[in-house]
Amino acid sequence: MHNAMTIDVEDYFQVSAFDPYLSRDDWDSMPCRVERNIAEILALLEASGARATFFMLGWLAERYPDMVRQIEAAGHEIASHGYWHWRVTQQTPHEFKQDVVRARKLLEDICGVAVYGYRAPSFSIGPTNLWGHEVLAEAGYFYSSSIYPIKHDHYGMPDAPRFAHQASGSKALIELPVTTVEFRGKNYPAGGGGYFRLLPYWLSRLKLQRVNGVDRKPCIFYFHPWEIDPGQPRQAGLNFKTRFRHYTNLGRMKSKLELLLRDFSWDRIDHVFPEVAKHSNAPQA
Ligand SMILES: [Zn+2]
């Protein structure tokens with residue numbers, strides 16, 4: 001079974017957990033690490049023959065257009081992570097629409113292919129703002145991968161469907177939730193992020209195998225370029241929880257990803273999900 005590999009392309013200083021410590025005005029003065037990290041990720045994917053979907057932050061794409069074109073030329077799907085990396089919960093519908101229209105147009109202008117996928121920063125579409133789906137459909141997107149059907153302190157919609165479904169906020173949009181495993185009536189995260197970095201690899205593998213084998217469904221996995229970069233500058237003043245979640249096991253991430261790429265078959269979202277592919281002009285896998 002093919003699973004969907006996804007990368008949320010933001011740099012280390014753009015993560016939502018750093019919002020209280022850095023303003024958007026500071027971004028221009030931060031040393032970007034994204035180009036070198038993307039080069040490593042492209043090499044990793046190439047070595048295992050995997051393809052992936054890259055949810056690109058507009059702010060970075062504008063500054064590194066050649067990087068976006070390079071990702072696209074390597075056979076990967078270009079999708080949108082918005083322009084400014086504001087959580088959807090922090091925006092009005094009007095502000096959200098401006099942000100997602102801007103990012104989509106920018107990405108399409110840079111690489112000359114249609115962009116129809118979106119992932120909300122910090123999975124910030126949930127029970128209080130399902131209007132986000134309608135806005136995305138109006139902005140020309142076909143799918144969203146913005147709901148994490150778990151309980152978490154910053155995000156989550158534990159009672160959302162666990163697998164691909166028509167978005168609750170718009171009939172024109174498909175929602176592709178990040179992978180969870182269900183155990184005794186509760187959902188647990190299985191689709192990457194800090195959990196993958198902090199917990200032993202065998203546990204992640206077991207959970208993904210369960211989704212493929214028991215649920216008979218493809219997985220959607222995600223990670224960030226800064227997670228493979230132990231050499232990134234350290235942000236001062238972080239509280240313990242943020243520091244722990246951001247910096248633990250950065251040095252082990254790359255070898256874990258190598259195992260993950262070896263143990264499962266990975267492709268881009270528009271190849272793995274026929275619901276998305278039938279909307280798009282993407283070549284079928
Ligand atoms: Zn993000």
Side-chain angles (χ1 to χ4, degrees), residues 4-24 26-27 30 32-35 37-38 41 52-64 67-68 71 76-91 95-96 99-100 102-104 106-107 115 117-126 129 132 135-136 139 141 143-150 152-157 175-179 189 191-198 220-229 232 235 238 241-242 245-247 250 253 257 268-269:
M5 177 56 72
T6 69
I7 296 112
D8 292 0
V9 182
E10 71 221 23
D11 219 331
Y12 62 97
F13 53 87
Q14 296 171 318
V15 299
S16 300
F18 284 18
D19 275 351
Y21 306 94
L22 276 165
S23 91
R24 297 293 185 277
D26 297 326
W27 283 6
M30 303 295 286
C32 279
R33 307 271 295 176
V34 72
E35 277 188 301
N37 293 330
I38 287 290
I41 290 166
T53 294
F54 287 70
F55 290 99
M56 307 290 311
L57 194 64
W59 190 93
L60 282 177
E62 198 166 49
R63 282 153 183 83
Y64 300 99
M67 179 182 79
V68 184
I71 295 169
H76 305 293
E77 179 188 3
I78 301 295
S80 158
H81 198 34
Y83 186 89
W84 277 114
H85 211 263
W86 290 116
R87 289 186 176 117
V88 184
T89 41
Q90 292 170 295
Q91 299 176 82
E95 288 165 340
F96 179 53
D99 186 87
V100 294
R102 182 181 184 186
R104 180 166 164 266
L106 179 71
L107 292 167
V115 168
Y118 172 80
R119 173 168 290 149
S122 304
F123 304 106
S124 54
I125 293 182
N129 60 358
V135 171
L136 288 169
Y141 292 91
Y143 77 86
S144 153
S145 179
S146 305
I147 289 181
Y148 211 156
I150 56 161
H152 182 279
D153 53 355
H154 291 152
Y155 50 75
M157 184 173 174
E175 174 62 39
L176 302 167
V178 173
T179 294
Y195 303 100
F196 179 77
R197 205 158 22 90
L198 299 173
I220 301 181
F221 189 89
Y222 81 101
F223 71 101
H224 305 91
W226 55 264
E227 288 186 279
I228 62 158
D229 182 12
Q232 66 191 266
Q235 175 65 32
L238 298 178
K241 194 163 78 175
T242 301
R245 281 182 180 172
H246 190 92
Y247 295 119
L250 294 177
M253 184 65 176
L257 284 172
R268 35 195 274 183
I269 280 183

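Note that the structure is predicted; figures quoted are calculated from it, not measured. Whatever order the structure lists ligands and atoms in, that order sets their numbers, starting from 1.
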Inset, instruction - At a cut-off of 2.8 Å, list the protein N/O/S atoms near the Zn ion (ligand 1), residue plus atom name. - result: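 The answer is Glu10 OE1, His81 NE2, His85 NE2.
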
Inset, instruction - Measure up the His76 and Phe54 rings against each other and bin them: parallel (under 30°), tilted (30 to 60°), perpendicular (over 60°). - result: tilted

Legend entry - Residues which pass side-chain contact (heavy atoms from CB on, under 4.5 Å) with Asp229, listed by chain and number, not counting sequence neighbours: Arg33, Arg36, Asn37, Gln232

Inset, instruction - Would you mind listing every salt bridge (charged side-chain N to carboxylate O under 4.0 Å, His left out) that reaches into residues 9-22, with sequence neighbours excluded? - result: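 Output for this query lists Asp19-Arg24.
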
Legend entry - Contact check, side chains of Thr89 and Ser122, non-hydrogen atoms, under 4.5 Å: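 Answer no - side chains too far apart.
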
Legend entry - Residues that Phe55 engages under ring-ring contact (aromatic ring centres under 6.0 Å, His included), provided they are two or more places apart: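 Partners of Phe55 under the ring-ring contact (aromatic ring centres under 6.0 Å, His included) test: none.
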
Legend entry - Between NE2 on residue His85 and OG on residue Ser16, distance to nearest 0.5 Å: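 Between His85 NE2 and Ser16 OG, I get 4.5 Å after rounding to 0.5 Å.
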
